[in-house]
Amino acid sequence: MSVRTRFAPSPTGFLHIGGARTALYNWLYARHHGGQFILRVEDTDAERSTTESMQIILDGLEWLGLDWDEGPGVGGDRGPYNQSERVAIYDRYLSRLEEAGLVYEDEGAIRFRVPDKEFTVHDEVCGDVTTNLKAAGSRRYDAELKKEVEANPDFVIKRPNGGYIFHFVNVVDDIEMGITHVIRGEDHLSNTPKHLALFEAFGVEPPVFAHIPLNLNPSGTKMSKRDQGALIHEYRESGFLADAVNNYMALLGWSGKEDQDVFSMEELIGKFDLSGITKSNSKFDFEKCKWVNAEHLKQLSPAALLEASRPFLEKAGLPVDDDRIPAALELARDRVQLLSEIPAIIETIFVDLPTYDPSSVEKVKSREGAAEAVSALREGLEQVEDWSDDAIKAGIVAGAESLGVKMGALMFPCRVGVMGSTSGADLVPVLSLLGKEVVLRRLSGFSEML
RNA sequence: GACCCGUUCGUCUAGCGGUUAGGACUCCGCCCUUUCACGGCGGCAACACGGGUUCGAGUCCCGUACGGGUCGCCA
């Protein structure tokens with residue numbers, strides 16, 4: 001039987017890293033086994049579900065490249081894929097329970113009669129977990145009273161307003177959609193016995209369960225929207241590559257067992273399996289996430305780097321179609337972690353005048369003979385005929401010799417004079433991209449500042 | 001409060017009875033170098049605690065502590 005996994009988000013907010021990671025694991029598992037990945041929208045709570053949220057989630061999955069074989073926008077023969085449109089199916093399943101005498105009404109709500117027996121979740125990650133719902137659900141904790149109170153273990157599956165409840169629709173849809181493997185957050189582990197009870201009531205063999213540990217923020221508590229790195233759309237905006245985010249999410253809670261941290265999507269598909277899923281919760285580390293991104297940046301083809309950088313170049317007002325952009329990007333790719341950092345590295349090549357960093361200029365001024373160095377430099381460069389890297393270097397050497405100093409003594413004022421700062425991309429390639437005329441002009445202007 | 005899951009460097013993890021406890025991020029040092037990076041080399045740094053079992057325990061068992069989760073007519 002073919003593997004069928006699903007991601008079943010509730011459209012009540014943003015696409016969160018926890019949800020995205022769940023989606024990724026389901027996607028990887030399906031792709032690894034050549035099965036299907038299904039997207040199902042759990043929008044039974046009409047009060048909280050919004051189309052805006054749905055769009056954000058769809059956009060996020062699309063950006064990550066987690067394509068679904070069945071679901072919204074794609075279709076499929078087990079649809080519809082929005083639970084709000086599946087009421088007729090739920091009604092049919094409910095009547096089966098009614099006929100079996102397994103449900104009853106309680107103040108307008110419908111409750112499922114929980115059998116007095118033990119259910120064992122055979123979890124691929126957590127092992128066997130056994131619970132008696134009748135016993136476990138006979139008391140509940142009242143958060144306000146801060147104590148346990150009597151409770152009805154028979155859980156509600158349909159609200160008085162007619163809306164169906166998560167546990168019920170989740171199970172019905174997993175049956176109807178032929179889901180074979182349920183990979184979800186560990187917060188659902190305690191719910192699973194309820195689901196097993198429903199599967200049994202419908203006489204259906206339950207799917208394989210794998211409850212994955214949770215991602216926490218650096219302080220060890222639940223990630224919230226406010227935590228850095230929590231929301232998927234922010235990754236795109238701050239200059240992450242989708243595959244790098246996938247790579248990092250895969251690492252948070254899964255290990256390929258070998259000493260490898262950087263994975264392409266193909267490698268992840270090839271290596272992902274449930275046995276590699278970690279048992280304990282993990283804390284999010286933004287620094288490592290950025291490092292993974294930098295590694296992916298280094299491996300990008302020139303064309304892909306240009307495409308990925310485009311929005312950030314445009315935002316910075318840089319001429320994306322300029323012939324020198326590809327070369328400039330190569331100067332930047334090894335020194336940044338995020339795409340958003342690229343413009344600052346290369347913009348000096350494309351502006352009229354560099355932005356002079358005051359402290360850098362001050363450093364040049366404080367050196368003995370700074371003005372002489374710049375004019376010697378200028379003279380040396382003026383002699384350069386063909387404006388190639390080697391010729392430029394030779395020009396600088398010539399300038400240095402005329403002063404009786406080493407080449408390095410001129411590189412520093414040259415960098416500040418032309419690029420405006422002591423830090424930045426490699427000097428000679430930048431000079432080359434700028435062109436002789438611009439370089440000489442900038443050096444003249446810089447002389448006047450000294 | 002009850003029940004469930006978990007616990008290896010600060011963080012992500014490898015380890016599945018005998019290891020100098022390995023790798024990665026971070027941090028620090030050195031090298032490379034025209035700056036900053038990149039890269040290379042090296043360093044700091046961990047088996048929560050207490051009992052067992054065993055010739056031998058990070059690895060198996062039981063407690064304790066700590067962390068997380070669940071206990072909705074949210075999902």
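The chains referred to below are lettered A, B, ... by the order of the sequence lines, with proteins before strands, and numbering in each begins at 1.
At the heavy-atom level, Asp123(A) lies nowhere under 4.0 Å from the strands shown. Residue Gly253(A) is classed as a sugar-phosphate contact, given heavy-atom separations below 4.0 Å to backbone atoms only. Using a 4.0 Å heavy-atom distance criterion, Gly220(A) is classed as a sugar-phosphate-only contact. Within the 4.0 angstrom heavy-atom criterion, only backbone atoms of the sugar-phosphate kind lie near Leu251(A); the bases stay farther away. Residue contacts for Thr12(A): at a heavy-atom cut-off of 4.0 Å it reaches no nucleic acid atom on any strand shown. Residue Gln260(A) is out of contact with every strand shown, counting any heavy-atom pair closer than 4.0 Å. Here Arg48(A) lies in heavy-atom contact (under 4.0 Å) with a base. Heavy atoms of Lys290(A) sit nowhere under 4.0 angstrom from any nucleic acid atom. Among the heavy atoms of the strands lying under 4.0 Å from Asp334(A) are primed sugar atoms or P, OP1, OP2 only; no base atom is included. Residue Ser423(A) is in base contact, counting any heavy-atom pair closer than 4.0 Å across all strands shown. In this structure, Lys158(A) reaches neither bases nor backbone, as no heavy-atom distance under 4.0 Å exists between it and the strands shown. Nucleic acid contact class of Lys147(A) (heavy atoms, under 4.0 Å, all strands): none. Among the heavy atoms of the strands, none lies under 4.0 Å from His211(A). Counting non-hydrogen atoms under 4.0 angstrom, Thr278(A) reaches the backbone sugars and phosphates but no base.
Under the 6.0 Å distance and 45° angle rule, Arg21(A) counts as a cation-pi partner of Tyr25(A).
Take the nearest nucleotide of RNA chain B for Thr130(A) and for Phe284(A): the residue whose nucleotide is more 5' is Thr130(A). Taking for each of Gln337(A) and Asp43(A) the nucleotide of RNA chain B with the nearest heavy atom, the 5'-most of the two is the partner of Gln337(A).
Going from the P atom of A57(B) to that of G18(B) covers 11 Å, rounded to whole Å. Using atom C1' as the reference point in both A14(B) and G23(B), the two lie 7 Å apart (nearest Å). Spacing of P atoms, U7(B) relative to U59(B), comes out at 11 Å, to the nearest Å. A gap of 16 Å separates the P atoms of U54(B) and C61(B), to the nearest Å. A distance of about 14 Å separates the P atoms of C16(B) and U20(B), rounded to the whole Å. Distance noted for atom C1' between G67(B) and U11(B): 15 Å (whole Å). Comparing G63(B) with C71(B), their P atoms are spaced 26 Å from each other, to the whole Å. For C55(B) and U13(B), the P atoms lie 36 Å apart once the distance is rounded to whole Å.
An OP1 or OP2 oxygen of A75(B) is reached within less than 4.0 angstrom by a side-chain nitrogen or oxygen of Arg159(A). Contact annotation: Lys283(A) reaches the phosphate of U11(B) (side-chain N/O to OP1 or OP2, under 4.0 Å). Taking side-chain N and O atoms only, Arg333(A) has no distance below 4.0 Å to OP1 or OP2 of C38(B). Between Thr44(A) and A75(B), a side-chain N or O to OP1/OP2 separation shorter than 4.0 Å is present.
Stacking is not found between Tyr141(A) and the pyrimidine-like six-membered ring of the A2(B) base under the 5.5 Å centre-distance and 30° plane-angle cut-offs.
The distance between atom CD1 of Ile165(A) and atom P of C73(B), rounded to the nearest whole Å, is 7 Å. As rounded to whole Å, 17 Å separates atom C1' of C5(B) from atom NE2 of His122(A). Between the CD atom of Glu144(A) and the C1' atom of G72(B) there is a distance of 12 Å, rounded to whole Å. Rounded to an integer number of Å, the gap from CG of Asn281(A) to P of U70(B) is 11 Å. Atom CD of Glu186(A) and atom P of C3(B) are 18 Å apart (whole Å). As rounded to whole Å, 13 Å separates atom C1' of U11(B) from atom CG of Asn217(A).
Nearest nucleotide to the Asp259(A) side chain, out of C25(B), G22(B), C74(B): G22(B). In this structure, of U35(B), A2(B), U13(B), it is U13(B) that holds the atom nearest to the side chain of Ser282(A). Closest to the side chain of Thr221(A), from the set C71(B), G68(B), A75(B), is G68(B). Across U11(B), G69(B), U26(B), the shortest atom-to-atom separation from the side chain of Asp285(A) is found for U11(B). Here A14(B) is the nucleotide among C25(B), G39(B), A14(B) with the atom lying nearest to any side-chain atom of Ser255(A). Side-chain proximity of Arg415(A) to the nucleotides U34(B), C12(B), A75(B) is greatest for U34(B). Nearest nucleotide to the side chain of Leu252(A), out of C12(B), U70(B), U35(B): C12(B). Side-chain proximity of Lys298(A) to the nucleotides G69(B), G39(B), A75(B) is greatest for G39(B). Of the listed nucleotides (U26(B), C4(B), C12(B)), U26(B) has the atom at the smallest distance from the side chain of Glu287(A). You'll find that the side chain of Asp261(A) is closest to A24(B), out of C73(B), U35(B), A24(B).
The partner of A65(B) is U7(B), judged by Watson-Crick or G-U wobble contacts that both fall below 3.5 Å. Nucleotide A2(B): paired with U70(B) (Watson-Crick or G-U wobble, both distances less than 3.5 Å). In a base pair of the Watson-Crick type (N1 to N3 plus N6-O4 or O6-N4) or a G-U wobble (N1-O2 and O6-N3), with each distance short of 3.5 Å, G29(B) is matched with C41(B). Pairing partner, C55(B): G18(B), with both Watson-Crick or wobble hydrogen-bond distances short of 3.5 Å.
A donor and an acceptor atom sit less than 3.5 Å apart, one in the side chain of Asn191(A) and one in the base of A75(B). The base of A14(B) has none of its N or O atoms less than 3.5 Å from a complementary donor or acceptor on the side chain of Lys257(A).
Checked against the 6.0 Å centroid criterion, the rings of Phe240(A) and Phe286(A) qualify as a close aromatic pair. Centroid-to-centroid, the aromatic rings of His195(A) and Phe166(A) come within less than 6.0 Å. His181(A) has its ring centre less than 6.0 Å from the ring centre of Tyr29(A). Aromatic rings of Phe284(A) and Tyr248(A) (six-membered ring for Trp) have centroids within the 6.0 Å cut-off, being under it. Taking the six-membered ring wherever Trp is involved, the centroid distance between the rings of Trp68(A) and Phe7(A) does not fall below 6.0 Å.
Checked by atom type and distance alone, the side chain of Asp227(A) pairs as donor or acceptor with a backbone atom of Ser224(A) at under 3.5 Å. Of the possible polar contacts, one joining the Tyr81(A) side chain to the Arg78(A) backbone as a donor-acceptor pair under 3.5 Å is found.
Comment: Glu148(A) does not engage Arg140(A) in a salt bridge, judged by the lack of any side-chain N to carboxylate O separation of less than 4.0 angstrom.
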Can you give each donor-acceptor pair under 3.5 Å made by side-chain atoms of residues 421-429 of chain A, sequence neighbours left out, with the distance rounded to 0.1 Å?
residue	atom	partner	partner atom	Å
Ser421(A)	OG	Ser423(A)	N	3.1

